[in-house]
Amino acid sequence: MGWLTPAEWTVIALSLKVSVVAVLVTMPVAYALAWVIARRRFPGRMLLDAAIHLPLVLPPVVTGWLLLLLLGRGGVIGAWLYDRFGITFVFEWTGAAIAAGVMALPLMVRAMRLSIEAVDRRLVEAARTLGASPWRAFATVTLPLSVPGVAAGAMLGFARSLGEFGATITFASNIAGQTRTLPLAIYTGLQVPGSEAAVARLAVMAIVLSLGALLASEWLVRRSVHRSSQGRAHVL
Amino acid sequence: MGWLTPAEWTVIALSLKVSVVAVLVTMPVAYALAWVIARRRFPGRMLLDAAIHLPLVLPPVVTGWLLLLLLGRGGVIGAWLYDRFGITFVFEWTGAAIAAGVMALPLMVRAMRLSIEAVDRRLVEAARTLGASPWRAFATVTLPLSVPGVAAGAMLGFARSLGEFGATITFASNIAGQTRTLPLAIYTGLQVPGSEAAVARLAVMAIVLSLGALLASEWLVRRSVHRSSQGRAHVL
Amino acid sequence: MSFDVDIALDVGERRIVLRFRSDARLTALVGPSGVGKTSVLDAIAGLRRPATGHITVAHETLFDAPRGVDLPPERRRSGYVFQDTRLFPHRRVAANLAYGERHAHGERRIISYEDVARLLDIGHLLDRWPATLSGGETRRVAIGRALLSAPRFLLLDEPLASLDPARAERLLRLIERLRDELDLPILLVSHSANEVDRLAGHVVTLA
Amino acid sequence: MSFDVDIALDVGERRIVLRFRSDARLTALVGPSGVGKTSVLDAIAGLRRPATGHITVAHETLFDAPRGVDLPPERRRSGYVFQDTRLFPHRRVAANLAYGERHAHGERRIISYEDVARLLDIGHLLDRWPATLSGGETRRVAIGRALLSAPRFLLLDEPLASLDPARAERLLRLIERLRDELDLPILLVSHSANEVDRLAGHVVTLA
Amino acid sequence: TPVADDGPVVLAASSMQDAMEDAADRWAASGHERPVLSFASSASVARQVGEGAPADLVITSDSQWMDWLAGQGALDGNPRPLVANALVVVAPASARTPPSLSAFAADPDGGRLAIAEPESVPAGQFARQALESLDLWKLVRSRIVPAENVRAALALVERGEVPLGIVYATDANASRKVRIVQRLAPATHDAIVYYVARTGVSDHAEAPALLEFLLGARGQAAFAAQGFTPAPAAER
Ligand SMILES: Nc1ncnc2c1ncn2[C@@H]1O[C@H](COP(=O)(O)OP(=O)(O)OP(=O)(O)O)[C@@H](O)[C@H]1O
Ligand SMILES: Nc1ncnc2c1ncn2[C@@H]1O[C@H](COP(=O)(O)OP(=O)(O)OP(=O)(O)O)[C@@H](O)[C@H]1O
Ligand code: MOO
Ligand SMILES: [Mg+2]
Ligand SMILES: [Mg+2]
C-alpha cells in the first residue's frame, strides 16, 4: 500500500499494539469489577462503582494528569516502581496503553455488568447441584453466558482506546514511534495548516480499524451465543 | 455554599443543563438505533453500527471538527439551518449539547442493545397472541424489559457528557456562560500554573455530579427490575 | 367447522405434515413427545409460518398460502396457553391477567375477572411477581391470562401439567363449561388419556 | 434411614414446617400446588437455607442448624431434576449431560451414558441446543443430566410432566430399577396418585 | 529506556511543531542523531517535566510555565529566549470585504472574534493585551470566541465561522485559507517569546550542543523559515 507513508504505518501499528494490549490487560480487571458490582452487596459498593466511572466524567487531560501524579517518575507509585524495578511509563508505549486502559475501563465494566446481571441464577444453582464449586459454576455458567457483555465491552474498550487522546498526550506525551498513536498523530497533523489530507487519511484508518474490531466482536458473539439463544422465536 | 465562586456555579449549572439535555435528546435516538441493530437484519447494518461507533474511535477533536464541517455556519447542514431558520449551534450551549450527545451516542446504543438482545422473544410472541400489535408488544414488553440497558446507557451517556471536552471546545468553543462546561473550565485551569486548587474543586464537583447520576440510575433499575428478576435464587 | 387445518411445517430439519377437519367443540391433539404438537399450535396462533397450506378456525381463514392470507397473531385472537407459560416477568400477576384484557376492547368476553380469580384460585396471588410463583401457580395464571383476552378460540398446551388433582378437576370442569356454553373451538394438547376421553369430541393423532 | 428431615422454611411471608423420617427407598412428597414441595427439595439440595432444623439423607447430615452444619450444594450430591428443568442454554444436549459427569470423578456412577441415552430416548438429540427441544425432550434431558452426575440421592420434581404415556412408562420402570437395585434414596414430588401408589414406599403429605 | 540510543528528547509547545521538525532535520543533517520530539500544550509539556519525565530540553511558548519549572527546581540553568513571534488579525480568504479590527468593534452585529483562550493560553493572553491597549477589549469582550489554542482559533476563521481572528503570524503565514488584514504592533502586548531550557534530569551528552544549535545561526534559520523572528536582544 503506497497510500500511507511509512511513518503513518508506524502510527497505525503502534495504535493497534497499544489498544490491543490495553484491552487484553484491562479485560480481566474489568470483568472482576463488573462481577463484584453485579453480584455482591457490600459497604462501599457504590463508591467503587463511582470510582470506576471517574475516567468518564473527568476531562481526559485531568485523568492524564492524575496518572502523571501517580505513575510519573516523581509520582507516588511511579517513583517506587522506578527506584525498585527501573520501570517507567512516561514516553513509553506502555504508558499510552495504561492511559487507554484506564479510559476504557468504565465502558468495559458497564457492558460486562449488564450481561452478568442478566444471567439466570437458577442455572448457577443447577450447576452447583451437579457438583460444581462456586468457582467452576462461575467459569462454566456465568462467564460463558455473559459473553455478549464481554464482547461488547471489549469492542467499546478497543474503540475507546483507539480514540484516546487527552490522557495519553498528558501522561505518556507525544513521541513518534513510542506514544504517538493515531489520535495524537491526527492532533499533530491538525497543528499544521494544510495537512488536511494527511489527517483525513489517518481518520479513515481509524475508522477501518474500528470496523474490523466491530466485525470481530460481532463474530465472537454470534459464534458463542446466537445459536443457543433463549427460545424458539419463529415468525416475529 | 461559599466554597465555590459564582463563576464556578455558572459552570456547574451549564454543565448540568448541557448533559441533561444531551442525554434526554439522544436517548430515543440511541434506543431506536439499538433496537434496529439488535432486531433487524438488513444490508448496511454493520455500516450503521460502525458509523455509530465513530465518535468513540476518532479523537474527540476530530469529531468536533467534523461537526463544524457539518453543522457550522458554513457547513453542509449548518448553512441551510442558518439561512432557513436562523438556527446556529456554534458558540451556543446547544452546540455543546450536540457535541456531548454525539460523543455519548455509541455508549448509549451499546448498553441498550445488550439489554434488547437479552429480551426473550417468546414473551413478545405471547404479547402478540394476547392481542398486542407489534408496536404495543414493543412498548409493553421489549421496552420495559430493556430498562437495565436504558438506565446503564443513560448513566454512561450522562457521565460521558459531563466529561466531554475535545469535541465541545472544537465545535462550540470555550465561552464562559455559554459553552464553558466543567471539563473546559478544568482544562482552562490546568493551563495556568498554580491553579491546582481551583481545578481540584471543579473536579470534585464533577465527581459529585456523576455520583448523583449513578445513584439515580441504580435506583431506576432497582425500582423497575430487581423485584421481578428472573427466578427464585435463594442461598447462592 | 371448528378447525380446518392442512399444513406442512418445517421445524429444524424435519417437515411436519398435518391435515384435519373437526366439527367437535373440543379437539384433542395427541402424539408422542417431540412429534410436533406445540409447533402446530404455534402455527395456528400465527407464531410459526407453515411452508404451505391453510388454517381455518371457526369459519375464519387465518392462513392460506395460495391466497396469500396470513393474519398476524394479534388478529387471530387465539387464547394460547403456552406449554412454557411465558408470564411477563416485569408485571405482577394482576397486570399479567389484565394484559390481554386491555387489548380486547369491544371483543366478546368469555369469562369475568372474578370468575377467573375464583375458579383458578389465584385471587391471593394478584400482588405477586411471577418469579415468586410455584409451578402450578404459574400455570394457573397463564390460563387465566389467556381466558381473559377475549379469545375466539383456545389453544391449550398441556394446561393441567403440574396441577394437583383437586385443582386439575376444577380446571377440567371449567373447560367443560366453556366448551358447552360458548361457541369457542378448543384445541387441547394432552398426554393424559383420561383427560382426552373426558373432554374431546374429536381426537387428532400426530405421528 | 433414607430421609430424616425436620425443618422450618421461610418462603415469602409464609413459614413451611415439615418433619418426616422415612426408611423407604422411594418417598413421595405430595400436596396441593403452592404448598411448598419445591421449596423443600430446594432446602434438601442446599439451594435454600432453612431457618432452623436438620436434614439427614442416607445417614449423612447435610444441614444441622444447632451444630452449624450446612454443606454447600456441590457436596450434597443430590441428583435434582428441577421442575423448571434448567438446562444450560449455552451447551448442547451432550454437553449438558456431561456437565455433572465431569464433576463426579471417583464417585459411584449409578447409570451409564449409553443407558441414559437409550432409556430416555435422547440419543438423537445430543447435537442439539436446548432452545430447540420440545417440552418433553427438555425434561428427558434434564433427567439424564441428573442421573449422570453420580448422585447419592435423587430429588425428582414432577419428572413425568409433559411426557407421553409410552415414555412415562419407560421412565417409571427406570425409576423402579434404580430404586430396587441401588441404595439410592429417592424423594419424588408428583400430583399423580397412580405414580405415587406404584412407586412410593412412604408418602409424606405437605399441607 | 528505548529512546536512549537516539538523540536528546525535546518536549515542545505544539505551536513550535513545524519549526522544530525543520530544526531537527538540520541538526541531523550535520551528523547528529535526530532528537526525539514530543509536542503538546505548554502546560502539558511543563507538567511532564515537573513530574520528572526523562527529557533533555523543554520549550514553552511563554515565560510563565518556564518560571513555574524553575520554581520547582526542574531546570538546569536559566531558561533562554529562543524565538519571537507576532500577532496578526486574519479574515477568511474568501471574505469579500476585509474588515479592520476597529470596524469590527464598532459593528455590534458583525459576528464574533476568535482568539486563543485569553485566561490560560499564551496566544490568547497576548491578544487580550493588544485589544486592551487598543481600547477595544471592552467593546469586543462579549463577542470573543475563546478557542483551545491558536490553531483552533485559526481553523474557525478558515471555516468562516467567524469573520476575524487574532493568531500568531507564523500560523497565518502557513494557512492559505486566511488573509492577514492587520498586524498588531509589538508595543501593544508583552513580547511573545518562546523559551528553551535544559531539564534537571537531562543526561544526554548531546543536549547542551543541541541547545546551542537551536540558539545559534543554523537553528535560528530554521525558525526564521517558518516566520519566527529572533528573540529580542534585551531578553537574551
Ligand atoms: N430449531 C429447531 N431445530 C431442530 N429441531 C427443532 C427445532 N425446533 C423444534 N424442533 C424439533 O421439532 C420437534 C417438534 O417439537 P414440538 O415442540 O412441536 O414437539 P411437541 O409435540 O410439542 O413435544 P412435547 O410433547 O415434548 O412438548 C421436536 O422434535 C423438536 O426437537
Ligand atoms: N419470594 C417469594 N415470595 C412470596 N411467596 C413465595 C416466594 N417464593 C415462593 N413463594 C410461595 O411459596 C409457596 C411454595 O412454593 P413451592 O414452589 O415450594 O410450591 P410447590 O408445592 O412446589 O407448588 P407446585 O406444585 O405448584 O409446584 C408458593 O405459594 C409460592 O407462591
Ligand atoms: O503552543 Mo501553545 O502551548 O498552544 O501556546
Ligand atoms: Mg410441546
Ligand atoms: Mg413445585
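Quick note on labels: first sequence line is chain A, next is B, and so on, each numbered from 1.
Residues B/Ala99 and B/Leu67 share a closest heavy-atom pair of CA-CD1, 3.9 Å.
Interface remark: E/Leu156 contributes side-chain atoms only to the contact with chain B (heavy atom separation under 4.5 Å). For a residue to count as touching a neighbouring chain, one of its non-hydrogen atoms must lie under 4.5 Å from one of that chain's; by this rule B/Leu184 does not touch chain E. For chain B, the nearby parts of E/Glu161 are the backbone and the side chain; heavy atoms of each come within less than 4.5 Å.
Residues B/Ile116 and B/Arg39 form a side-chain contact, since some pair of their non-hydrogen atoms from C-beta on lies under 4.5 Å apart. Counting only heavy atoms from C-beta outward, the side chains of E/Glu117 and E/Glu148 never approach each other to under 4.5 Å. Using a 4.5 Å heavy-atom threshold, the side chains of B/Ile52 and B/Leu105 count as touching.
Applying a 4.5 Å heavy-atom cutoff, the residues of residues 152-167 of chain B that approach chain E are B/Phe165. Taking 4.5 Å as the heavy-atom cut-off, none of the residues of residues 125-133 of chain E approach chain B.
The side-chain contact (heavy atoms from CB on, under 4.5 Å) test with E/Val58 singles out one residue from E/Val10, E/Val9, E/Val49, and that residue is E/Val49.
In this structure, B/Arg180 is not positioned above the aromatic face of B/Tyr187 in the sense of NZ or CZ being under 6.0 Å from the six-membered ring centre and within 45° of the axis.
A salt bridge links E/Arg151 to E/Asp171: one of the charged nitrogens lies within less than 4.0 Å of a carboxylate oxygen.
Residue E/Leu136 holds its CG atom at 9.5 Å from CG of E/Leu113, rounded to the nearest 0.5 Å. Here the straight-line distance linking atom CZ of B/Phe89 with atom CG of B/Leu81 works out to 5.5 Å at 0.5 Å rounding.
Highest contact tally toward chain E, considering only B/Thr170, B/Leu190, B/Thr88, B/Val61, is held by B/Leu190 [criterion: heavy-atom pairs under 4.5 Å].
Between B/Phe85 and B/Trp80, the ring centre distance stays below 6.0 Å. For E/Phe228 and E/Tyr194, the ring centers are positioned less than 6.0 Å apart.
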